[in-house]
Peer 1: 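Below: one structure in structure tokens.
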Amino acid sequence: ILNVEQSPQSLHVQEGDSTNFTCSFPSSNFYALHWYRWETAKSPEALFVMTLNGDEKKKGRISATLNTKEGYSYLYIKGSQPEDSATYLCAFIRSGGSYIPTFGRGTSLIVHP
Amino acid sequence: DVKVTQSSRYLVKRTGEKVFLECVQDMDHENMFWYRQDPGLGLRLIYFSYDVKMKEKGDIPEGYSVSREKKERFSLILESASTNQTSMYLCASSLVSRGYEQYFGPGTRLTVT
């Protein structure tokens, strides 16, 4: 079983704060790294699919970076809003296998108004 | 938009019953997955399928079986439900050309009493 770790496990911030989370994964046999947002009572939805070392992706106030050589990805949220409250999951896909994702346990973000 | 649907949002079954959870996707995806999500444990893969009639065990297949007779439909079967199978079950599908990005259904909250 591959080791995909996310930190912190949970985070409480005030509206307007910027925040970031970490996903660490094996640094060998990299194929892709995904970030998902999972809001309460909804399905997880993909934020980013990252495939190249040095990738930087952005969607509105949310951005992500990728370092495949050292095995980590950061997710940043600038100026957090209450609607950003969700669990953020990362998923690692290894090359040369079945290409099934291994998920981290997620970071639960709560943004207080 | 890709749509993944699951047959029930909430289900209550008795110990020993045979339970069928159905999942249908409408975008011709090759890969389909069944996960369960439990507090503190994240998403764990039960089974996946990369083609019709093909299936592979995931991390926690014990007590479950699956069926994929048509490309769009992937069924999860609990042969004899037990209380430790009370959980949230999520179905997902993915496409090779989109970096195996997962598209999730709304989930089925199963309670076994």
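Every chain is numbered from 1, with letters handed out A, B, ... down the list of sequences. Note that the coordinates shown come from a computational prediction; the quantities given were computed from them, not determined experimentally.
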Peer 1: Give, as side chain, backbone, both or neither, the part of A:Ala91 having an atom under 4.5 angstrom from any heavy atom of chain B.
Peer 2: neither
Peer 1: Would you please go through residues 6-18 of chain B and name the residues with a non-hydrogen atom below 4.5 Å from one of chain A, in numerical order?
Peer 2: B:Arg9
Peer 1: Between B:Gln102 and A:Pro101, is there a side-chain heavy-atom distance shorter than 4.5 Å?
Peer 2: yes
Peer 1: Top residue by heavy-atom pair count (under 4.5 Å) with chain A, among B:Phe33, B:Phe48, B:Tyr50?
Peer 2: B:Phe48
Peer 1: Linking I/L/V/M/F/W/Y whenever their side-chain heavy atoms sit closer than 4.5 Å, directly or via other members, would B:Leu45 and A:Phe92 fall into one cluster?
Peer 2: no
Peer 1: Which atoms of B:Leu90 come close to chain A, meaning under 4.5 Å heavy atom to heavy atom: side chain ones, backbone ones, both, or neither?
Peer 2: side chain
Peer 1: So if you build clusters from Ile, Leu, Val, Met, Phe, Trp, Tyr with side-chain heavy-atom gaps below 4.5 Å, do A:Leu89 and B:Phe104 land together?
Peer 2: yes
Peer 1: Could you look at B:Gln37 and say if it's the side chain, the backbone, both or neither that has a heavy atom under 4.5 Å from chain A?
Peer 2: side chain
Peer 1: Do A:Tyr36 and A:Ile93 share a hydrophobic cluster (ILVMFWY, side-chain heavy atoms under 4.5 Å, transitive)?
Peer 2: no
Peer 1: Working to the nearest 0.5 Å, report the span between CD1 of A:Ile100 and OH of B:Tyr47.
Peer 2: 13.0 Å
Peer 1: Does atom CD of B:Glu79 have more than 12 heavy-atom neighbours from other groups under 6.0 Å away?
Peer 2: yes
Peer 1: Mind telling me whether B:Tyr100 and A:Tyr99 have parallel, tilted or perpendicular rings, with 30° and 60° as the class edges?
Peer 2: parallel
Peer 1: Using heavy-atom distances under 4.5 Å, tell me whether B:Tyr35 contacts chain A through its side chain, its backbone, both, or neither.
Peer 2: side chain
Peer 1: Is there a path of hydrophobic side-chain contacts, each under 4.5 Å between heavy atoms of I, L, V, M, F, W or Y residues, that connects B:Phe74 with B:Phe20?
Peer 2: no
Peer 1: Do B:Leu110 and B:Val66 belong to the same hydrophobic cluster, where Ile, Leu, Val, Met, Phe, Trp and Tyr are linked whenever their side-chain heavy atoms lie under 4.5 Å apart, directly or via other members?
Peer 2: yes
Peer 1: Going by the salt bridge (charged side-chain N to carboxylate O under 4.0 Å, His left out) test, which pairs reach into residues 2-17 of chain A, not counting sequence neighbours?
Peer 2: none
Peer 1: Quick one: side chain to side chain donor-acceptor pair (under 3.5 Å) pairs with a partner in residues 38-47 of chain A, sequence neighbours left out?
Peer 2: none
Peer 1: Can you check whether anything in residues 47-86 of chain A gets within less than 4.5 Å of chain B, heavy-atom wise, and list it by number?
Peer 2: A:Val49
